[in-house]
Trainee: 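Provided herewith is a single structure, encoded as structure tokens, for subsequent inquiry.
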There are 2 protein chains.
Amino acid sequence: MADTPKFPEVQGGGSLIIAWQIKDKKVLVVGGGEVAAGRIFHCLNADAKVTVVSPTARLNPEVAYRVAQKQVEHIDRNFEPSDLDGADMVLVAVDDPAASTAIWKLCKERRIPANIADVPPECDFYFGSVHRDGPLQIMVSTNGKGPRLASMIRKFIARQLPPDAGRAIETIGQLRVKLRQIAPQPEDGPKRMAWMTKVSDSYSWDEMCDLSEEDMSNLLRFYASGKVPALDVLKTMRSNPDIDLDVFDGSFGFSVGS
Amino acid sequence: MADTPKFPEVQGGGSLIIAWQIKDKKVLVVGGGEVAAGRIFHCLNADAKVTVVSPTARLNPEVAYRVAQKQVEHIDRNFEPSDLDGADMVLVAVDDPAASTAIWKLCKERRIPANIADVPPECDFYFGSVHRDGPLQIMVSTNGKGPRLASMIRKFIARQLPPDAGRAIETIGQLRVKLRQIAPQPEDGPKRMAWMTKVSDSYSWDEMCDLSEEDMSNLLRFYASGKVPALDVLKTMRSNPDIDLDVFDGSFGFSVGS
């Protein structure tokens, strides 16, 4: 009997879901209606420089608000090909199939990633429904089978998540930054990664959410030994800032001595 | 007092999470180690044509398996610039910072979206942790704060989801396709969308998972009226294929008559 391969089986039919980096990149949004408003919001949340091309008369209240607040640049007319100059991404949401297709073709000539709303064949990428909590982003895609379902599932997931999920991730992120400060060399990389993995595996989310700045400084004191203390150890250290780490030896059973 | 804007407030600091379409697109993967194996799997799941450039001696067992199964093309040598010809996306995962940077620069000259593993400044996009269940894809990103946490959260979400989530989405997708067959005109669009929304809102996930092919055909019989029947109505229709829909009139209170 032939060996069954132990590697994950390819399903096909999905998308490649990726976190596109558009900080300080120029995103051109053509159109100023409700769909454009959603696109603009997502782009601003990712720190893009957004330019909206649309006659003022056709801006919906949200887009008009973003323009008035100078959150986006605004070009008060219909699209012209020169608007593509310098654009890193183009999002089209206008009720004009012929104009949309013309813009899509120009984008492809210039190799600019583009999304023409509601025209799947004229999209390098689709949008999904995104939950956001600080550094945490969760995107739900049904690969076009049910956009409304995607939004239902996103809300369902948001209700299941611990309320402090975003903050716990922030805490771990800060720990990673501080660790890199005390062990900055490239050759420290493997030990740093192994220790961070041990930290992630040692505490539950709830416990991570409880960690204070002081706890993290105390936690970092264990890095040199490669060990990760139990939560009780960190709590003991709170009232004993000068405690000698040796007291926690013996698989971190706590002893009052020293 | 000034009006408080009623529009969602921009947080910044996130990514633009998108579902990239790479069906039949050429993705070049440089490297054949563990990270490359993960990238290749994601691309194959999205129906890309994947080419792996790496000396055979450096292929890990999973990549070697994909090559042997002819799931990917394989170029048995180190990267050469001509490998970029025709590439729609480039993913680099080799332990050679100088080579990686050189490939990144070539990709930028040619405007090819690229990801250099572990080098955030040399990435147009990042990967996250993805849950897949048929048409449903859920991607968790911590925006670089904790890749291991992203994987923990993804597993947590997978445990919370109804076991039939993917199938329920498939069911709704089929309904949408069939609806387009019976109401194919562009001018039917708004009524189609409104009715599909009503369907999505009328049943819970569990109920949707219970719907059979027969139920969907019965459901479609209500489209002309713009109504959506209660689940009980659909169940009644199962044993009464020739039933007259009029019996369900009066906000679909069921009556045995007719």
Side-chain angles (χ1 to χ4, degrees), chain A residues 5 7-8 10-22 41-48 61-62 65-66 71 111 113 123-128 130 132 134-146 148-149 152-153 156-157 160-161 165 168-170 172-173 176 196-197 200, chain B residues 5 7-8 10-22 41-48 61-62 65-66 71 111 113 123-128 130 132 134-146 148-149 152-153 156-157 160-161 165 168-170 172-173 176 196-197 200:
Chain A
F7 307 113
V10 173
Q11 284 192 49
S15 308
L16 189 73
I17 305 201
I18 51 183
W20 200 265
Q21 302 306 301
I22 51 169
F41 180 65
H42 283 311
C43 290
L44 291 176
N45 262 338
D47 298 323
E62 181 172 339
Y65 167 79
R66 308 268 181 227
Q71 294 178 1
R111 300 188 66 89
C123 284
D124 290 311
F125 54 90
Y126 303 156
F127 289 91
V130 176
R132 175 84 192 269
L136 176 64
Q137 287 183 294
I138 298 171
M139 192 262 221
V140 178
S141 168
T142 58
N143 282 287
K145 301 278 188 219
R148 203 169 171 85
L149 263 180
M152 281 170 64
I153 296 169
F156 168 85
I157 290 171
Q160 309 295 320
L161 290 172
I169 293 164
E170 203 68 72
I172 290 289
R176 192 180 301 272
M196 278 304 303
T197 299
S200 296
Chain B
F7 307 113
V10 174
Q11 286 191 50
S15 307
L16 189 73
I17 306 203
I18 52 184
W20 199 265
Q21 301 307 301
I22 51 170
F41 180 64
H42 284 310
C43 291
L44 291 177
N45 262 337
D47 298 323
E62 181 172 341
Y65 168 78
R66 307 269 181 227
Q71 295 179 359
R111 302 187 66 91
C123 285
D124 289 310
F125 54 91
Y126 303 156
F127 289 92
V130 176
R132 176 84 191 270
L136 176 63
Q137 287 183 293
I138 298 172
M139 192 263 223
V140 178
S141 168
T142 58
N143 281 286
K145 301 279 188 218
R148 204 170 170 84
L149 263 179
M152 281 169 65
I153 296 169
F156 169 85
I157 290 171
Q160 310 294 321
L161 290 171
I169 293 163
E170 203 69 69
I172 290 288
R176 192 182 300 273
M196 278 304 303
T197 298
S200 295

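Naming convention: chains lettered A, B, ... in sequence-line order (proteins, then strands); numbering from 1 in each chain.
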Trainee: Report yes if the side chains of B:Ile17 and A:Trp20 come closer than 4.5 Å at any heavy-atom pair, otherwise no.
Mentor: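 No, side chains not in contact.
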
Trainee: Below 4.5 Å from any heavy atom of chain B, which atoms of A:Arg111 appear? Answer side chain, backbone, both or neither.
Mentor: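 Both backbone and side chain.
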
Trainee: Chain B: which of A:Ser200, A:Gly13, A:Gly144 shares the most heavy-atom pairs with it under 4.5 Å?
Mentor: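 So the answer, after comparing A:Ser200, A:Gly13, A:Gly144, is A:Gly13.
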
Trainee: I'd like to check A:Ile153 versus B:Leu161 (side-chain heavy atoms, cut-off strictly below 4.5 Å). Are they in contact?
Mentor: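 Yes, side chains in contact.
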
Trainee: Quick one: of A:Ile172, A:Val140, A:Leu136, A:Ile18, who has the most non-hydrogen atom pairs under 4.5 Å with chain B?
Mentor: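 Of A:Ile172, A:Val140, A:Leu136, A:Ile18, A:Ile18 has the most heavy-atom pairs under 4.5 Å with chain B.
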
Trainee: Determine the minimum heavy-atom distance between A:Ser15 and B:Ala46, stating which atoms define it.
Mentor: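 Nearest pair, atom of A:Ser15 first, then B:Ala46: C-CB, 3.5 Å.
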
Trainee: Answer with side chain, backbone, both or neither: which region of B:Ile157 has an atom nearer than 4.5 Å to a non-hydrogen atom of chain A?
Mentor: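 Side chain of B:Ile157 only, per the 4.5 Å heavy-atom cut-off to chain A.
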
Trainee: Within the distance-only criterion (no hydrogens, no angle test), does the side chain of B:Asn143 pair as donor or acceptor with the backbone N or O of A:Pro135 below 3.5 angstrom?
Mentor: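 Flag set: sc B:Asn143 to bb A:Pro135 pair under 3.5 Å.
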
Trainee: Given a strict heavy-atom distance threshold of 4.5 Å, which part of B:Arg148 is in contact with chain A: side chain, backbone, both, or neither?
Mentor: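 The answer is the side chain of B:Arg148.
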
Trainee: Between atom CG of A:Leu44 and atom CD of B:Gln11, what is the distance when rounded to the nearest 0.5 Å?
Mentor: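 A:Leu44 CG to B:Gln11 CD: 12.0 Å, rounded to 0.5 Å.
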
Trainee: Counting only non-hydrogen atoms closer than 4.5 Å, does B:Arg66 touch chain A with its backbone (N, CA, C, O), its side chain (CB onward), both, or neither?
Mentor: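 Just the side chain, heavy atoms under 4.5 Å.
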
Trainee: Of all the heavy-atom pairs spanning B:Gly14 and A:Arg132, show the shortest one and how long it is.
Mentor: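 In terms of heavy atoms, the two residues are closest at N-NH2, 3.4 Å.
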
Trainee: Considering only heavy atoms and a distance below 4.5 Å, find which of A:Pro113, A:Gly134, A:Pro61 pairs most often with chain B.
Mentor: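 Looking at each option in turn, the highest pair count goes to A:Pro61.
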
Trainee: Just how far is it from atom CD1 of A:Ile138 to atom OG of B:Ser141, taken to the nearest 0.5 Å?
Mentor: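 Answer for the CD1-OG pair, A:Ile138 versus B:Ser141, is 10.0 Å.
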
Trainee: Parallel, tilted or perpendicular: which fits the ring planes of B:Tyr65 and A:Phe7, with parallel below 30° and perpendicular above 60°?
Mentor: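 B:Tyr65 vs A:Phe7 ring planes: tilted.
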
Trainee: Given that the side chain runs from C-beta out, which part of B:Ile22 has a heavy atom under 4.5 Å from chain A: side chain, backbone, both or neither?
Mentor: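 The answer is the side chain of B:Ile22.
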
Trainee: Which atoms of A:Tyr126 come close to chain B, meaning under 4.5 Å heavy atom to heavy atom: side chain ones, backbone ones, both, or neither?
Mentor: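 Answer is both: backbone and side chain atoms of A:Tyr126 are under 4.5 Å from chain B.
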
Trainee: Would you sort out whether A:Arg176 and B:Lys145 count as a side-chain contact (heavy atoms from CB on, under 4.5 Å), showing the intermediate values?
Mentor: CA-CA 8 Å; A:Arg176 192 180 301 272; B:Lys145 301 279 188 218; 5.9 Å; no

Trainee: Taking every non-hydrogen pair under 4.5 Å, which of A:Gly128, A:Ala168, A:Ala48, A:Pro8 racks up the most with chain B?
Mentor: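 So the answer, after comparing A:Gly128, A:Ala168, A:Ala48, A:Pro8, is A:Pro8.
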
Trainee: Does A:Val10 offer a backbone N or O that forms a donor-acceptor pair with the side chain of B:Asn45 under 3.5 Å?
Mentor: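 Not confirmed, B:Asn45 side chain does not pair with A:Val10 backbone.
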
Trainee: Using a cut-off of under 4.5 Å for heavy-atom pairs, which of B:Gln160, B:His42, B:Met152 has the most such pairs with chain A?
Mentor: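 So the answer, after comparing B:Gln160, B:His42, B:Met152, is B:Gln160.
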
